[in-house]
Amino acid sequence: MFERVRDVVASIPTGKVLSYGDVAKRAGVSSPRLVGRIMSEDTADLPWHRVLRANGTVAEHLRERQLEALRAEGVLANGPKIDMRAHRWTT
DNA sequence: AGTTTGACTAACG
DNA sequence: TCGTTAGCCAAAC
């Protein structure tokens with residue numbers, strides 16, 4: 001199931017983002033916490049910065065890197081939060 | 001085997 | 001808009 005989650009995250013196009021809940025749903029896992037936990041263990045090649053909370057914020061220990069990475073991909077934050085409505089990956 | 005802990009979310013106040 | 005509560009799964013103690 002970890003592979004499933006990783007696959008979903010890896011398939012997020014540059015400039016787009018997903019919430020943990022979205023990733024969980026796409027990956028077919030039961031809880032968004034799983035996604036977070038999985039990524040905390042193994043983010044090796046994943047664009048983990050493209051995954052944020054549903055409200056567009058991120059955990060503090062990641063926030064700086066997160067925003068920096070997203071900024072580099074064109075997902076500019078209007079402050080400490082990301083504009084999910086604009087950048088949410090919808091297919 | 002039971003408790004604690006997270007890169008979480010949705011619902012309430 | 002921000003803090004709290006309850007529900008959630010798997011790993012670490």
Side-chain angles (χ1 to χ4, degrees):
Chain A
M1 127 189 9
F2 297 169
E3 291 76 24
R4 199 66 190 286
V5 173
R6 291 212 287 249
D7 187 52
V8 171
V9 176
S11 62
I12 303 174
T14 304
K16 291 291 178 179
V17 298
L18 284 179
S19 73
Y20 290 90
D22 292 333
V23 174
K25 202 157 63 170
R26 284 169 177 271
V29 303
S30 351
S31 167
R33 301 197 85 127
L34 270 192
V35 180
R37 200 190 60 70
I38 291 170
M39 288 165 84
S40 69
E41 287 188 4
D42 178 18
T43 53
D45 308 299
L46 297 178
W48 54 269
H49 51 262
R50 294 183 190 151
V51 183
L52 15 155
R53 288 205 235 179
N55 61 342
T57 61
V58 252
E60 193 168 328
H61 46 264
L62 294 173
R63 193 184 46 206
E64 287 188 61
R65 287 201 301 172
Q66 179 80 277
L67 294 177
E68 184 179 23
L70 291 173
R71 188 176 60 222
E73 299 193 346
V75 184
L76 293 140
N78 186 353
K81 303 186 203 175
I82 308 296
D83 187 347
M84 284 293 283
R85 294 179 304 178
H87 300 291
R88 197 160 119 89
W89 184 33
T90 52
T91 45

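Sequence lines set the chain letters: A, B, ... in the order given, protein chains first and strands last, and positions in each chain run from 1.
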I'd like to check [X] versus [Y] (side-chain heavy atoms, cut-off strictly below 4.5 Å). Are they in contact?
{"X": "A:Val51", "Y": "A:Ser19", "value": "no"}
{"X": "A:Val58", "Y": "A:Arg53", "value": "no"}
{"X": "A:Arg26", "Y": "A:Trp89", "value": "yes"}

Under-4.0 Å salt bridge between A:Glu73 and A:Arg50
yes

Is it the case that atom CD in A:Glu60 sees more than 12 heavy atoms from other parts of the structure closer than 6.0 Å?
no

Applying a 4.0 Å non-hydrogen cut-off, can you work out what A:Ser19 is touching in the nucleic acid: base, sugar-phosphate, or nothing?
sugar-phosphate

In whole Å, I'd like the distance from the [atom1] atom of [X] to the [atom2] atom of [N].
{"X": "A:Ile38", "N": "C:dA10", "atom1": "CD1", "atom2": "C1'", "value": "9 Å"}
{"X": "A:Tyr20", "N": "C:dC8", "atom1": "OH", "atom2": "P", "value": "21 Å"}
{"X": "A:Leu34", "N": "B:dT9", "atom1": "CG", "atom2": "P", "value": "13 Å"}
{"X": "A:Met39", "N": "B:dA7", "atom1": "CE", "atom2": "P", "value": "12 Å"}

What distance separates A:Leu76 CG from A:His87 NE2, expressed to the nearest 0.5 Å?
7.0 Å

Under 4.0 Å between a side-chain N/O of A:Lys81 and OP1 or OP2 of C:dC2, yes or no?
yes

Can you pull out the residues from residues 44-73 of chain A that lie within a 4.0 Å heavy-atom distance of DNA chain C?
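By residue number: none to list.
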
Starting from the 5' end of DNA chain C, give me the residue, A:Arg37 or A:Pro32, whose nearest nucleotide shows up first.
A:Pro32

